[in-house]
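Notes follow the structure.
For reference, positions follow the sequence shown, starting with 1. Quick caveat, the model's predicted, so the values are computed rather than measured.
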Amino acid sequence: MSPIQENLVMSASEATPLTDMKNVRFGYGERLIIDGLSLTVRKGEIVALMGGSGSGKTTLLGLLGGRIQPISGEIHVAGQNVPTLARKELYTLRRRIGMLFQFGALLDSMTIWENVALPLQEERRLESEKIDAEVRARLGQLAR
């Protein structure tokens, strides 16, 4: 089997959607923002949300992260039913979600290395040697 064919063969766990939304509705008062949205994203897929201002992009991300609750429908992320998660479970789930926004979110007063190191210093409180090794590893992944 060629490397390309091997990449196309998915195990049962990889076939399970990372994100699965079914018939989701959300609105603010009488104003319906999302109506009947269904979206499935599997491991390895790349998804871009595009649309004009007010089209529901940020609302969709808020629903996926559990920041706002749908009127109806199902939202599962990493196999978890997002609207039913407790605060601590939501926090744990959110730490596993990555989003890339239209405009860069780097702090321009810092170097790339310092930007990558910042969350490691703040969240993990690692020793400087471990932070240095982690930053080198992460930046090394980008060079491949």
Indicate whether any N or O donor in one side chain lies under 3.5 Å from an N or O acceptor in the other, for Asp20 and Thr40.
yes
Between [Y] and [X], is there a side-chain heavy-atom distance shorter than 4.5 Å?
{"X": "Leu37", "Y": "Leu60", "value": "yes"}
{"X": "Glu74", "Y": "Asn81", "value": "no"}
{"X": "Pro17", "Y": "Arg42", "value": "yes"}
{"X": "Val82", "Y": "Leu90", "value": "yes"}
{"X": "Leu85", "Y": "Tyr91", "value": "no"}
{"X": "Glu45", "Y": "Leu18", "value": "no"}
{"X": "Arg138", "Y": "Leu120", "value": "yes"}

Please round to the nearest 0.5 Å and tell me the distance separating atom [atom1] of [X] and atom [atom2] of [Y].
{"X": "Thr59", "Y": "Arg67", "atom1": "OG1", "atom2": "CZ", "result": "7.5 Å"}
{"X": "Asp35", "Y": "Phe26", "atom1": "CG", "atom2": "CZ", "result": "13.0 Å"}
{"X": "Glu134", "Y": "Leu139", "atom1": "CD", "atom2": "CG", "result": "10.0 Å"}
{"X": "Ile34", "Y": "Ser72", "atom1": "CD1", "atom2": "OG", "result": "11.0 Å"}
{"X": "Ile68", "Y": "Ile75", "atom1": "CD1", "atom2": "CD1", "result": "8.0 Å"}
{"X": "Leu49", "Y": "Leu64", "atom1": "CG", "atom2": "CG", "result": "8.0 Å"}

Given Val116, which of Ile131, Val135, Leu142, Thr111 fulfils the side chain to side chain contact (heavy atoms under 4.5 Å, CB included) condition?
Val135
Considering residues, nucleotides and ligands other than Arg94, do more than 12 of their heavy atoms fall under 6.0 Å from its CZ?
yes
Of all heavy-atom pairs linking Met50 and Lys57, the shortest is C-CD, 3.8 Å
Closest non-hydrogen atoms of Gln69 and Leu63, given as atom of the first, atom of the second and distance, are C-CD2, 3.8 Å
So, the side chain of Ser38 versus the backbone of Asn23: is there a donor-acceptor pair under 3.5 Å, distance only?
yes
Can you hop from Val24 to Leu32 via hydrophobic side chains spaced under 4.5 Å?
no
Side-chain heavy atoms nearer than 4.5 Å, only ILVMFWY residues, links allowed to pass through others: does that put Tyr28 and Ile71 together?
no
